[in-house]
Amino acid sequence: MATANFTTQHRPVRIGLLVRAGELADLEAAASMSLLLWGGLHNPIIPIRSKIDAASDELVHAFRVDVLYPVHETPTIKEFAERHRALCSPRLSARELFSEDWHTKKRIPAYLDVLNAIDKYWDQEFKHSPIGTQSECRLVSWEQADPLHVLFGLGFGSYTAALNLKRDFRQAFERGLRASEVKIDPGAEVPEALAGKITPALLSGIDLRGYGGAVHSQSGGVYVGDANDFEDLVNFWNIRASGGLVEFLCLSAAARLDAFIRAHLNRLDSIPQRHPTIEDHIGIFYRNNESAVLDAIKSFPTKRSPLLQRLRGTAGDVSQGDPAMFSFDWNFALGIIDGDRGDYSVTLSLPEKRFLGNARASPTDQLLAVSIGPHGDLGYPGHTLEPPLRPALTEFYGREIASDPWGVRPEPEGIGLFVGTRENTIRMRPVEHAAVIEAIFGEAGLKIRPSAGGRLADRLLEAVGGYEDTRVFKVRGVRNLITNLPTQDTITRGDATKTIWNNRQFKEHERLHIEARKTPDLTVGATFDFLLKHGFFRAGLEFKCDNCGLDSWLSLRQIDDTWACEYCGRANTTSLHIRDRGDWKFRKSGLLAKDNNQEGAIPVILSLLTLGRVGREQKFLRITSIEVVGGASPCEIDFVAIQHLRGETCCAIGEAKAAGGTIDAKDAANLKAIADKLKAIGIRPYIVFAKTADAFSAAETNLFRTAMSDYDLILLTNREMEPYHPYYESDDKDKLPATYAVSFDDMVVNTSFRYFTDPKRE
């Protein structure tokens, strides 16, 4: 039974709070519900203006939202949520944050709540402290008539009795954390002592470690705006949700917030710089009134330089920096792989949830998420648990990987799964590369199916054991032997090895590793033995019939005491024919038996092997020849390779020919049509032309130069496909723009140099 290594990160479920655009009451409601949850501080607020809202869609994708929740359900919000129907809770029949206790009819948060954090710190820090001990926790209260009441609800957080909760969160916060209450009277200054204190809002983000993200998640500062402006408040909340240590300065109430903002900035000044020689800045976020903002910040001198960041988009704009993700832990785990060849399952024992402490607040099994990062896919070849980050395929991934269309979320480094607080083991099914690529093409409106050549290429891969074991086809002499020997002809071992030697060209492959060996150099004999081991050639003898005089070739299993002539049927005595024989001969067999150029399988396999070498087979999916049967013009694609890094999905589609074949304008037109379809759904296409020859013809090169000028083009010949790596073993490696190519982009620039701008090729 095979095993595989994984990284795991338990994290809160990230919930997108859908609110009516312009409704301040929805913001208060969103904050009061979200801050009940551990991690709720990092849940984005998403204003909905219409069923199709590009700005809101961007927020959903940027924050990598796991679940959408309508704070106030309207037909428009319902329609928007339906467009993202895969982002619903996996264990609830409706889009709810709460489940109902059957006995008391009161509500319990369905997702991990802050009572777990309160009980943890009570058990670890406050349970044995003297009565009357005061902590750094503050429960802030204010009157609803206060002009800043919405800002206080978002900035400090509160617990309301209106939610009919089974447990009293306010009481738990006060008693469990030894918190003291701070009341802000209408018109009174916000106490500077509140800066940095643990309020219900900050409690929601406690013990969480941020990773990834950009500007917002790496900076602290001040949001300057209007405390009654819906867009300013949403921006403020979402900047904090993305990881920024930000407080709100209301221009119309600057005097009330003066001391508090100064204390906040002093706290930021005291944080050590992230880099010893690169200065950290204080972020100044705003939307409007730049002159007023500039005047206001003059009153707040800091040790660090201010960095003005104007948000020019709609409410909730995070375009200036990717939001960070947040997790409780980071661990390794060992997965047990069961099954083989297309029916794999992986059972993973999750690390202990130490972040929960020893106490459990809720008697129910609340939901959180666990991010799973595989370390390669050697245990389940041709399958993956690291699919491309395609939100549109979320439901597909759920059905394939977890038998639950709502239970899986694609992530840049793997997948996210919903688990319960009491769940310690998960079972996953790696999804087949072909199924993922079929789903991606389906997203582009294209239907695909394996072609005859693709099926043969897959059987070749199975016969040798995978792409890395097809390196033997890099040897030109091996390809010549397969191509030039007719099916019914035989060849001696000496002639076969001479063909593989190929006028000393084999010496370029003496360091090629095709299987385990005891000698440092590969020999022609060992290469031919490899072909024999995998059934590509069979041994036998030629016998001349005593009756008709014609030659028959018999394989080892056909040789017996007597043999029948394949022409006249006469029986012959074997012993009389082999008494002086030692001239064993070999004939192609198995997958190489037919004189059909193996349906072009070998150039296809070498092309995919070369692309995989550059992609280092990380986050790399590939399939052999397919027929595109949907779309305007059905056609065949010889191979597809997908590489997905940092959330971007790149797709290489290609045409591969053996030496003597010709790539024409129709081939180019077919690939361009497919590339356009992929580009329309946000996938970056690359067009690859490959040929197991030393060069393309002049007509082909001219076709590439003109017809493909608007596309990212990769060209592969023997020069790229025969070496172990296509570039850094070549004689022009010191001149190539990307000697150590690691991406399709690197291959594009090297193609341009070698085939279009290299003076030797002009």
Review point. Does Y380 have any side-chain hydrogen bond (donor to acceptor under 3.5 Å, both in side chains) partners at least two apart in sequence or in another chain, and if so, which?
Key: none

Exercise for review: Please report the C-alpha distance between T3 and I337 in whole Å, then the side-chain angles of each, then the deciding distance to 0.1 Å, and finally whether the side chain to side chain contact (heavy atoms under 4.5 Å, CB included) criterion is met.
Suggested key: CA-CA 5 Å; T3 61; I337 303 171; 5.9 Å; no

Review point. Are F418 and W406 near enough that their ring centres are under 6.0 Å apart?
Key: no

**Study point:** Test side-chain hydrogen bond (donor to acceptor under 3.5 Å, both in side chains) applied to H10 - qualifying residues, sequence neighbours left out
**Key:** D329

Exercise for review: Using the side chain to side chain contact (heavy atoms under 4.5 Å, CB included) rule, take F639 and T624 through it: C-alpha gap first, then chi angles, then the decisive distance, then the call.
Suggested key: CA-CA 5 Å; F639 57 85; T624 55; 5.7 Å; no

Review point. side-chain hydrogen bond (donor to acceptor under 3.5 Å, both in side chains) with Y711: which residues, sequence neighbours excluded?
Key: D676

Exercise for review: Report the C-alpha distance between N331 and T8 in whole Å, list the side-chain angles of each, state the deciding distance to 0.1 Å, and finish with yes or no for side-chain hydrogen bond (donor to acceptor under 3.5 Å, both in side chains).
Suggested key: CA-CA 5 Å; N331 288 294; T8 64; 4.8 Å; no

Exercise for review: Look at E443 together with R390 and state whether they make a salt bridge at an N to O cut-off of under 4.0 Å.
Suggested key: yes

Review point. What pairs with Y728 under ring pair (Phe, Tyr, Trp, His ring centres under 6.0 Å), at least two apart in sequence or on another chain?
Key: H725, Y740

Study note, to complete from the structure: Shortest non-hydrogen pair, L385 vs P387, comes out as C-CD, 3.4 Å

Check your understanding: Does the K447 side chain pair with the main chain of G442, one donor and one acceptor, at a distance under 3.5 Å?
Key -> no

Exercise for review: Measure the CD1-CG distance between I271 and L245 for me, rounded to the nearest 0.5 Å.
Suggested key: 5.5 Å

Practice item. Apply side-chain hydrogen bond (donor to acceptor under 3.5 Å, both in side chains) to T384 and list each qualifying residue two or more places apart in sequence or on a separate chain. Key: none

**Study point:** Closest contact, heavy atoms only, D365 versus G420
**Key:** OD1-C, 3.3 Å

Review point. Hey, what's the ring geometry for F326 with H42, parallel, tilted or perpendicular (30° and 60° as the breaks)?
Key: parallel

Exercise for review: Indicate yes or no: does D745 engage R684 in a salt bridge with an N to O separation below 4.0 Å.
Suggested key: yes

Check your understanding: Is the side chain of T751 donor-acceptor paired with the backbone N or O of L715 at a distance under 3.5 Å, no angle test?
Key -> yes

**Study point:** Salt bridge present between D338 and R427 (N-O < 4.0 angstrom)
**Key:** no

Review point. Do the side chain of D746 and the main chain of V742 share a donor and acceptor less than 3.5 angstrom apart?
Key: yes

Point to revise | Within-4.5 Å side-chain heavy-atom neighbours: L716 and V688 | key: yes

Check your understanding: Can we say K353 and E423 salt-bridge, meaning some charged N sits less than 4.0 Å from an Asp/Glu carboxylate O?
Key -> no

Check your understanding: Who are the salt bridge (charged side-chain N to carboxylate O under 4.0 Å, His left out) partners of E729, not counting sequence neighbours?
Key -> none

Point to revise | Heavy-atom donor-acceptor pair, T739 side chain to K733 backbone, under 3.5 Å | key: yes

Point to revise | Working for side chain to side chain contact (heavy atoms under 4.5 Å, CB included), residues I626 and R449 | key: CA-CA 6 Å; I626 57 173; R449 66 187 180 197; over 6 Å; no

Point to revise | Minimum-distance pair of heavy atoms, taken over all atoms of V614 and S743 | key: CG1-N, 3.4 Å

**Study point:** Partners passing ring pair (Phe, Tyr, Trp, His ring centres under 6.0 Å) against H513 (at least two apart in sequence or in another chain)
**Key:** none

Practice item. Not counting sequence neighbours, which residues clear side-chain contact (heavy atoms from CB on, under 4.5 Å) with A641? List them please. Key: L608, L611, F620, R622, A652, F744

Review point. So, for L389 and T649, which heavy atoms are closest and what is the spacing to 0.1 Å?
Key: N-OG1, 4.4 Å

**Study point:** Non-neighbouring partners of F441 that pass ring pair (Phe, Tyr, Trp, His ring centres under 6.0 Å), sequence neighbours left out
**Key:** none

Exercise for review: Drop me the distance from I118's CD1 to L203's CG, to the nearest 0.5 angstrom.
Suggested key: 5.5 Å

Point to revise | salt bridge (charged side-chain N to carboxylate O under 4.0 Å, His left out) partners of D638, counting only residues at least two apart | key: none

Review point. Any cation-pi pair here, R613 with Y724, using under 6.0 Å and within 45°?
Key: yes

Review point. Is there a donor-acceptor pair closer than 3.5 Å between any side-chain N or O of S34 and the backbone N or O of A30?
Key: no

Review point. What do the steps show when you test R11 against D66 for salt bridge (Lys or Arg N to Asp or Glu O under 4.0 Å), and what is the final call?
Key: CA-CA 11 Å; R11 61 175 180 81; D66 297 308; 2.7 Å; yes

Revision key, fill the gap. Separation between CG (L334) and OG (S349), nearest 0.5 Å, reads 8.5 Å

Check your understanding: Sub-3.5 Å donor-acceptor pair from the side chain of S242 to the main-chain atoms of A324, do we have one?
Key -> no

Check your understanding: Does P723 offer a backbone N or O that forms a donor-acceptor pair with the side chain of K474 under 3.5 Å?
Key -> yes

**Study point:** Distance (rounded to the nearest 0.5 Å) between L356 CG and D207 CG
**Key:** 10.5 Å

**Study point:** Cationic N near anionic O, under 4.0 Å, R399 to D404
**Key:** no

Check your understanding: In Å and rounded to the nearest 0.5 Å, what is the CD1 to CG distance from I401 to L417?
Key -> 7.5 Å

Revision key, fill the gap. Residues passing the ring pair (Phe, Tyr, Trp, His ring centres under 6.0 Å) test with F332, sequence neighbours excluded, are W330, H375

Practice item. Could you give me the CA-CA distance, side-chain angles and deciding distance for Q366 and T421, then say whether side-chain hydrogen bond (donor to acceptor under 3.5 Å, both in side chains) is met? Key: CA-CA 6 Å; Q366 294 180 324; T421 48; 5.9 Å; no

Exercise for review: Please round to the nearest 0.5 Å and tell me the distance separating atom NZ of K619 and atom SG of C650.
Suggested key: 13.0 Å

Practice item. Please examine the side chains of V114 and L37, heavy atoms only from C-beta on, and report whether any two atoms are closer than 4.5 Å. Key: no

Practice item. Measure from the side-chain N and O atoms of S56 to the backbone N and O of P47, and report whether any donor-acceptor pair falls under 3.5 Å. Key: yes

Point to revise | Closest contact, heavy atoms only, P374 versus G414 | key: CD-CA, 4.1 Å

**Study point:** Basic-acidic side-chain contact under 4.0 Å: R85, E395
**Key:** yes

Exercise for review: Over all heavy atoms of both residues, which pair between Y344 and P430 is shortest? Give the atoms and the distance, please.
Suggested key: O-CD, 3.5 Å

Exercise for review: Show your working on side chain to side chain contact (heavy atoms under 4.5 Å, CB included) between L268 and I282 and close with a plain yes or no.
Suggested key: CA-CA 8 Å; L268 293 180; I282 298 292; 3.9 Å; yes

Exercise for review: Please name all residues satisfying side-chain contact (heavy atoms from CB on, under 4.5 Å) with A201, sequence neighbours left out, ordered by chain then number.
Suggested key: L35, L41, T199, R240

Check your understanding: Stepwise, does the ring pair (Phe, Tyr, Trp, His ring centres under 6.0 Å) test hold for W38 with Y111?
Key -> CA-CA 8 Å; W38 203 344; Y111 300 94; over 10 Å; no

